[in-house]
Amino acid sequence: MRSDCNYTDELAARICDQLADGLTLREICRQEGMPDERAVRIWAEKDYGPGFRERYETARLLGYRKMADELLEISDDGRNDWVERQSRDGGTYKAPDHDHIHRSRLRVDTRKWILSKMLPKIYGDKLELGGPDGSPIHVTVVKYTSDDPPDTK
């Protein structure tokens, strides 16, 4: 931990506010006057101060929800998907900017993956269990003895 960054309620509040705004802990801890990431994680684990662990976890949750909102913005933003190129005859034409499109796809996929792992009940893959019509599956367990082998027909 940086020697100039001991736990204070004010510092904890600043960290939680920025986490809730969607900044990563790495981004926050690179700022002047902030502790290193490990220190903040220890503060949360050991619940420094009045309820820091709960405030930290709530801030993380709010940051993840902001991340979910960003998915739509990134997906819907096509402003930089096309660039103007010069043709051989000196004219110009619009062409897809594949680098930008791929970067946007990576940004969306990364956020989706993080959300599916951090908030699986909301953003994880849903497994549908049941019969073909959605009805419950019923299982019958039958105990056989060695004198009464199961019917294999």
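The shown structure was predicted, so the numbers you read here are calculated from the model rather than taken from an experiment. Numbering of residues begins at 1 and proceeds along the displayed sequence.
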Legend entry - Within-4.5 Å side-chain heavy-atom neighbours: L11 and P35: yes
Legend entry - ILVMFWY network linking L106 to L71, side-chain heavy atoms under 4.5 angstrom: no
Inset, instruction - Return yes if some donor-acceptor pair links the side-chain N/O of T110 with the main-chain N/O of R107 below 3.5 Å, else return no. - result: no
Inset, instruction - Would you indicate whether the side-chain heavy atoms of I28 and V40 approach each other to under 4.5 Å? - result: no
Inset, instruction - For the pair D81 and I101, evaluate side chain to side chain contact (heavy atoms under 4.5 Å, CB included) and give the outcome as yes or no after the intermediate values. - result: CA-CA 6 Å; D81 289 352; I101 294 168; 3.8 Å; yes
Legend entry - Salt-bridge present (R41, E45; N to O < 4.0 Å): no
Legend entry - No-hydrogen, no-angle side-chain donor-acceptor test under 3.5 Å, Q18 and E27: no
Legend entry - Over 12 non-hydrogen atoms of neighbours within 6.0 angstrom of CD in E54: no
Inset, instruction - Measure the CG-CZ distance between L25 and R60 for me, rounded to the nearest 0.5 Å. - result: 5.5 Å
Legend entry - Side-chain heavy-atom pair Y7, I42 within 4.5 angstrom cut-off: no
Inset, instruction - Please answer whether the main-chain N or O of R53 pairs with a side-chain N or O of D47 as donor and acceptor at a distance below 3.5 Å. - result: yes
Legend entry - Single-linkage hydrophobic cluster, 4.5 Å side-chain cutoff, I15 and L62 together: no
Legend entry - Residue pair D125 / S116, side-chain heavy-atom distance below 4.5 Å: no
Please output the side-chain donor-acceptor pairs of residues 63-70 that fall under 3.5 Å, not counting sequence neighbours, one pair per line with the distance.
residue : atom : partner : partner atom : Å
K66     : NZ   : D21     : O            : 2.7
E70     : OE1  : R111    : NE           : 3.0

Legend entry - Salt bridge flag under 4.0 Å for residues D77 and R79: yes
Legend entry - is_close_aromatic(F52, Y56), centroid dist under 6.0 Å: yes
Legend entry - side chain to side chain donor-acceptor pair (under 3.5 Å) partners for R105, two or more places apart: H102
Legend entry - Same apolar cluster: L19 and L119, side chain cutoff 4.5 Å: no
Legend entry - L23-I114 co-clustered via ILVMFWY side chain contacts under 4.5 Å: no
